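In what follows, every chain begins at residue 1, and chains take the letters A, B, ... in the order their sequences are listed. Since this is a predicted model, take the numbers as computed values, not measurements.
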2 protein chains.
Amino acid sequence: MKRQILLYGLIGGILIAALKWTEYRFLVMEHSIEIYGGLVAATFAVLGIWLGIKLTGKQQRVVIKEIPPPAGEPFLPDQRKREDLGITPREMETLELIAQGMSNREIAEKLFVSENTVKTHSSRVFDKLGAKRRTQAVQLGKEFGLLP
Amino acid sequence: MKRQILLYGLIGGILIAALKWTEYRFLVMEHSIEIYGGLVAATFAVLGIWLGIKLTGKQQRVVIKEIPPPAGEPFLPDQRKREDLGITPREMETLELIAQGMSNREIAEKLFVSENTVKTHSSRVFDKLGAKRRTQAVQLGKEFGLLP
DNA sequence: GCCAAAATCACCCAAAAGAATGACGACAAC
DNA sequence: GTTGTCGTCATTCTTTTGGGTGATTTTGGC
């Protein structure tokens, strides 16, 4: 960056010098002052733009780096796998709540059904997953991509 | 963006006009041409830098960097967190096996201890995690970074 | 309307899990 | 040598879970 600023100053100096040098040649020309001003303006404008881009271009890349980390997969319930295993939506729901550490009673309250119903659902889902315990069902559910 | 470019051109035009207008006043001055040139150069340089910054500042440089996190963490058991919670190694071991879906009996066999001992460990670990059920302990264990 | 799948609920019973308490030996720290 | 932690085990009792079976109701498709 320092190099670019120095370079910029240098070019400026050279231009000034060139300006002075050409002064004696083209000053006689009509409207040379306008051409002159335009030339200088254009040159410095280009240089300025270039410098501006350089000035922020590097910084920009650092900021960009933040994008990737939070990404990844938000996890979308594997509908296909669920159907492959013949697990019904209600059973799936039950399984999810089991995975959250809820008891049958709590699940029953949350789903507005009787505890017996929850038992039925869980039993069936265990069967379909090949699990003997709820903890195992959770473990298998994850392996099958049914649970996060 | 278009607005800025137009503005830029406008300012350029105004400067040229001003240049022409002042021409009749300061042309008589000695070295006015250098001052002039420098002034114009400085003005356009500043404008150029500003424009350059504006030009790239808002642009999202979508540099699609490779995503390290997904393939990244092999998961290292959080030793600190475990000790923070006052969970002993043996209790941790028990928790891990619980998370794998094993029953107390299976865990007992695997660890060569009695089932009662496993119960003691699990009870203690539940207590330390604030869990009431093993499924909940697993869930909390994950949240605490104790389990994968 | 009829059928099949899904969802619901009920009972019974056995197994597993969990809470509470007490106890004992090993071992490190002070 | 006392203290504290850890790991071990037992006993008793309550709660939760899970298996098995059957039944009723809803729902969606044909």
Side-chain angles (χ1 to χ4, degrees), chain A residues 77-144 146-147, chain B residues 77-144 146-147:
Chain A
D78 195 337
Q79 210 76 359
R80 296 156 198 164
K81 194 73 189 176
R82 207 209 68 215
E83 287 169 2
D84 280 355
L85 294 168
I87 296 175
T88 72
R90 205 58 164 167
E91 287 164 356
M92 190 63 214
E93 220 171 335
T94 305
L95 177 60
E96 285 166 359
L97 296 179
I98 285 175
Q100 286 171 27
M102 301 178 84
S103 71
N104 287 340
R105 183 160 304 169
E106 289 170 336
I107 295 172
E109 286 173 9
K110 180 147 195 167
L111 298 183
F112 302 105
V113 295
S114 82
E115 197 176 331
N116 286 318
T117 302
V118 175
K119 281 185 163 195
T120 305
H121 286 324
S122 58
S123 279
R124 294 221 170 112
V125 96
F126 293 169
D127 207 49
K128 290 167 183 174
L129 285 172
K132 291 178 180 174
R133 286 166 286 283
R134 36 179 60 211
T135 46
Q136 198 177 8
V138 171
Q139 162 71 9
L140 291 170
K142 295 194 175 199
E143 288 180 5
F144 286 137
L146 298 173
L147 298 171
Chain B
D78 196 337
Q79 209 76 358
R80 296 158 199 166
K81 194 73 189 174
R82 206 209 68 216
E83 287 168 2
D84 280 355
L85 294 168
I87 297 175
T88 71
R90 204 56 164 167
E91 287 164 357
M92 190 63 213
E93 220 171 337
T94 305
L95 177 60
E96 285 166 0
L97 296 179
I98 285 176
Q100 286 172 26
M102 300 177 83
S103 70
N104 287 341
R105 182 160 303 168
E106 289 170 335
I107 295 173
E109 287 172 8
K110 181 148 195 167
L111 297 182
F112 301 106
V113 295
S114 84
E115 196 176 329
N116 284 318
T117 302
V118 174
K119 280 188 168 189
T120 304
H121 286 323
S122 59
S123 278
R124 293 218 172 114
V125 95
F126 293 170
D127 207 49
K128 289 167 183 174
L129 285 173
K132 291 178 180 173
R133 286 165 286 284
R134 38 177 59 213
T135 45
Q136 197 177 9
V138 171
Q139 161 71 10
L140 291 170
K142 295 194 179 197
E143 287 180 5
F144 286 137
L146 298 174
L147 299 171

K.L.:
Please determine if E83(B) and R80(B) form a salt bridge, counting it only when a charged side-chain N lies under 4.0 Å from a carboxylate O.
P.N.:
no
K.L.:
So which protein N/O to nucleotides 4-11 of chain C N/O distances come out below 3.5 Å?
P.N.:
{"residue": "dA7(C)", "atom": "OP1", "partner": "R90(A)", "partner atom": "N", "Å": "3.3"}
{"residue": "dA7(C)", "atom": "OP2", "partner": "T88(A)", "partner atom": "OG1", "Å": "2.3"}
{"residue": "dT8(C)", "atom": "OP1", "partner": "R90(A)", "partner atom": "NE", "Å": "3.1"}
{"residue": "dT8(C)", "atom": "OP1", "partner": "R90(A)", "partner atom": "NH2", "Å": "2.9"}
{"residue": "dT8(C)", "atom": "OP2", "partner": "R90(A)", "partner atom": "NE", "Å": "2.9"}
{"residue": "dT8(C)", "atom": "OP2", "partner": "H121(A)", "partner atom": "NE2", "Å": "2.8"}
{"residue": "dC9(C)", "atom": "OP2", "partner": "S114(A)", "partner atom": "N", "Å": "2.6"}
{"residue": "dC9(C)", "atom": "OP2", "partner": "T117(A)", "partner atom": "OG1", "Å": "3.0"}
{"residue": "dC9(C)", "atom": "O5'", "partner": "T117(A)", "partner atom": "OG1", "Å": "3.4"}
{"residue": "dC9(C)", "atom": "N4", "partner": "T120(A)", "partner atom": "OG1", "Å": "3.1"}

K.L.:
Can you give the first and last nucleotides of DNA chain D, 5' to 3', that have an atom under 4.0 Å from a heavy atom of chain B?
P.N.:
dC6(D) to dT17(D)
K.L.:
Counting only heavy atoms not in K128(A), do more than 12 fall under 6.0 Å of its NZ?
P.N.:
yes
K.L.:
Do we see a donor-acceptor contact under 3.5 Å between the side chains of T120(A) and S123(A)?
P.N.:
no
K.L.:
Between Q139(A) and E143(A), do the side chains contain an N or O donor and an N or O acceptor separated by less than 3.5 Å?
P.N.:
yes
K.L.:
Rounded to whole angstroms, how far apart are CG on L97(B) and C1' on dA17(C)?
P.N.:
16 Å
K.L.:
Starting from the C-alpha separation in whole Å, work towards a yes-or-no answer on side chain to side chain contact (heavy atoms under 4.5 Å, CB included) for V113(A) and H121(A).
P.N.:
CA-CA 11 Å; V113(A) 295; H121(A) 286 324; 5.7 Å; no
K.L.:
Would you name the heavy atoms of K81(A) and F144(A) that are closest together and state the gap between them?
P.N.:
CG-O, 3.3 Å
K.L.:
What is the distance, rounded to the nearest whole Å, between atom CZ of F126(B) and atom P of dA16(C)?
P.N.:
16 Å
K.L.:
If the helix axis at each end comes from five base pairs, how far does the helix from dG1(C)-dC30(D) to dC30(C)-dG1(D) deviate from straight, to 10°?
P.N.:
50°
K.L.:
Look at R133(B) and dG18(C) and indicate whether a side-chain polar atom (N or O) is within less than 4.0 Å of OP1 or OP2.
P.N.:
no
K.L.:
Scan I98(A), T117(A), D127(A) and name whichever one has a side chain to side chain contact (heavy atoms under 4.5 Å, CB included) with S122(A).
P.N.:
I98(A)
K.L.:
Give a yes or no answer on whether the side chain of Q136(A) reaches the backbone of K132(A) with a donor-acceptor pair at less than 3.5 Å.
P.N.:
yes
K.L.:
Less than 4.0 angstrom from a charged side-chain N to a carboxylate O is my criterion; do E106(B) and R133(A) meet it?
P.N.:
yes
K.L.:
On a heavy-atom basis, which atom in M92(B) and which in L147(B) lie closest, and how many Å separate them?
P.N.:
CE-CD2, 4.0 Å
